[in-house]
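Below is one structure, written out as structure tokens, with a few remarks after it.
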Amino acid sequence: MGLSIEMRMDLHMHSSASDGVYSPAEVVRKAHANGVEVMALTDHDTVSGLKEARKEAQKLGMRFIDGVELSVCWGAKTIHVVSLGPKKLEPYRELSEKLSHQRDVRARTIASKFDSMGIYNTYKQALELAGNKLNLSRRHFALALVQRGTVGTEDEAFEKYLKDDGPAYVKTEWMNLVEAMRFIRDTEGVAVIAHPGRYNFAAPLTTIDLLEEFKALGGDAIEVTTGSHFEAENERYMRVALNMGFLASTGSDYHGFKPGRPEPGLQEPLPEYLPTVLELLKDR
Ligand code: AMP
Ligand code: MN
Ligand code: MN
Ligand code: MN
């Protein structure tokens, strides 16, 4: 049956417009080469890569959905909410401008924390490594530390320094969940909780509390299978999506080659029985 043929999709990837390695067009070409038929580019807090990506996808005959991965504060932590297929992009450009300033201020503060640990000039190096100087990420600092040999791997950089509440961590005031949901609704996007298995809230808060609040605020979908989940987490969120009545999304969360992480489109596919977020994206 036509409908039962699995369609390969990847609705979560990063380009050099945020903290990914490859240009938007290169990311599209990688997804296409892996047999992806429908994709979204979801850079952190920016829509600046979408035009280039869409053009490349059109050239290759692929379905392309606009996306953004928004940084959001919830439960005293940063969580990520993906907005898929927003019809209005201008508000995202305005938001990016504001956040880009915030990210720059944060980066300078992170660098001064490294200074005090005897690790100098990290701001300059992170900036050099950033494809988009207006979207400085903690990941650029991690890459800088790897490049200079302070740590062996990106994960080690997060584990030792950059993780939440680590010695080089600087808290950022992103918008809260209520504001994010209003923003996504106003721009006519579809809200998706990114990689729900990855959050660690302080007890007694749990990810289920987040998902309940998200649902109450009109949230429709969660990522079920993602390159940012372990296999057991994929399975857990298949059940959660079913039990809580969420549509399922899926994505590699690709940032560039990383051992143990999927290349574009090669994350575990969604089980056939789960209705997908594409149901809400038919006109995009
Ligand atoms: P930012 O939005 O600048 O705070 O940076 C967060 C980014 O850093 C995420 O999007 C991931 O790409 C990366 N990241 C966050 N935590 C980790 C971690 N524990 N290990 C590896 N990369 C991480
Ligand atoms: Mn990232
Ligand atoms: Mn994320
Ligand atoms: Mn991501």
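Whatever order the structure lists ligands and atoms in, that order sets their numbers, starting from 1.
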E154 side chain to A142 main-chain N or O, any donor-acceptor pair under 3.5 Å? no

Checking N176 side chain against V178 main chain: does a donor-acceptor pair fall under 3.5 Å? yes

For the Mn ion (ligand 3), which protein N/O/S atoms are closer than 2.8 Å? E69 OE2, H80 ND1, H195 NE2

State which residues pass salt bridge (Lys or Arg N to Asp or Glu O under 4.0 Å) with R182; sequence neighbours excluded, sorted by chain then number. none

How close do P271 and M238 get, counting heavy atoms only, and between which atoms? CG-SD, 3.7 Å

Using modelled atom types only, decide if a donor and an acceptor are shared between the side chain of K215 and the backbone of G245 within a distance under 3.5 Å. yes

Measuring from atom CE of M9 to atom CZ of R63, what distance do you get when rounded to the nearest 0.5 angstrom? 9.5 Å

Can you tell me the N, O or S atom of D19 that's nearest the Mn ion (ligand 2)? OD2

Is H14 close enough to the Mn ion (ligand 2) that one of its N, O or S atoms comes in under 2.8 Å? no

Axial cation check for Y22 ring with K30, 6.0 Å and 45° limits: yes

